[in-house]
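Reviewing the structure listed below.
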Amino acid sequence: MRLGLALGYWGRGPNADHVPLAQEAERLGYDSVWTAESWGSDVFTPLTWIAAQTSRIKLGTAVAQMAARSPTTTAMHALTLDHLSGGRMMLGLGLSGPQVVEGWYGRPFPKSPLTATREYVDVIRQVLRREAPVELNGRFHTHPYQGPDATGLGKPLKPITHPLRSELPVLLGAEGPKNIAQTTRIADGWLPLYWSPLRPDVYEASLTDVRDDFLIAPMAQARVCDDVSEGLLPVKTMLGFYIGGMGHAKRNFHADLMARMGYEAEARRIQRLFLEGRREEAVLAVPDAFADEISLVGPRERIAERLELWRKGPVTDLLVLSPDRHTLQVLAELNETSA
């Protein structure tokens, strides 16, 4: 199991520690570093900044939101950064949800998310392989464009720039069972939002046809500390926000996933409290047990034991979300010892 460093997205402004953290992760032998985006900082610019100040570590997006860019634009970002970094780019994509797609990007959320995702990846593959001009008679992504307001002058094109790698890895952030199953067929890897090594059955049916080289790279908050309850507070804060606020009361993919993982009543309570403006109560309503099983928190010995549970399952890459250098070092040492 390889280790990656997950940096997430910016808050009110750029985090001055992101580049030093990436450099430290590279020094410690981490395999990859990952950036994200929501409705503020974009995912590619910080990754390019990191690429310029590192030399070996792989560079991933977890995730680039599909609604933010046409698939050809996303492919151009990926092939450009792959060239500039010497072949270190890994493209992680996510569909996001109706609240963000329609509220922030001003676009309709696709009525058939599976089809929209499949077409998006198809176009990106065509660009990166550069075997012929890009053509797709799709429901959501048509190349050339043939809508009612088209000029009729659109011409199939292939990229002027020759991609460095035609098979640049494409990973998908997927939560629903059908979406995960499709991911195993059309992508090179999967980026689970929540992974519990105690509940492999949650995803088992969707992962029946996984290839040997398929990447499974969940993100997990980590912190070496003496007080487990205190260490879980940042995990619960994140869960409270995602389950309560990242989605509509009637359609929240994160809350639905928590429900499928055995915490349905708790997920609905967190949603209700958050939407009522009782955010602190929503965070405290997150069960310690759920926060604990999807993270790595506690003394070194406890983390060592729990890390073994992660290693026994199908996870190929553990993306560590932690700003603490001591924690990053401990995980590197433990993972090396267990290898």
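These numbers were taken from a predicted model, which means no experiment stands behind them.
Each of L191, L215, I216 was scored for a side-chain contact (heavy atoms from CB on, under 4.5 Å) with D317, with one residue passing: L215.
For CG of D226, the number of neighbouring non-hydrogen atoms (other residues, nucleotides, ligands) closer than 6.0 Å is 12 at most.
Residues satisfying the ring pair (Phe, Tyr, Trp, His ring centres under 6.0 Å) criterion with F44, sequence neighbours excluded, are H77. With sequence neighbours left out, the ring pair (Phe, Tyr, Trp, His ring centres under 6.0 Å) criterion links Y30 to no other residue. In this view, R269 satisfies the salt bridge (charged side-chain N to carboxylate O under 4.0 Å, His left out) rule with no residue, not counting sequence neighbours.
A single hydrophobic cluster is seen to contain both L193 and M258, as judged by linkage of ILVMFWY side chains at heavy-atom distances under 4.5 Å, directly or through other members.
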Evaluate side-chain contact (heavy atoms from CB on, under 4.5 Å) for W34 paired with L7, printing each intermediate quantity in order. CA-CA 6 Å; W34 302 75; L7 295 173; over 6 Å; no
Show, in sequence, the C-alpha distance, side-chain angles and deciding distance for W195 and Y203, and conclude whether the ring pair (Phe, Tyr, Trp, His ring centres under 6.0 Å) test is met. CA-CA 9 Å; W195 178 275; Y203 301 118; 5.4 Å; yes
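A distance-only check finds no donor-acceptor pair linking the side chain of D288 to the backbone of S229 [under 3.5 Å]. With hydrogens and angles disregarded, no donor-acceptor distance shorter than 3.5 Å links the side chain of E37 to the backbone of A64.
Side-chain contact between L318 and R311 is absent, with no heavy atoms from C-beta onward closer than 4.5 Å.
Taking the charged nitrogens against the carboxylate oxygens, R165 and D82 do have a contact shorter than 4.0 Å, which makes a salt bridge. In this structure, E276 pairs ionically with R278, as a charged nitrogen and a carboxylate oxygen lie closer than 4.0 Å.
Heavy-atom minimum distance, V228 versus V297: O-CG1, 3.8 Å.
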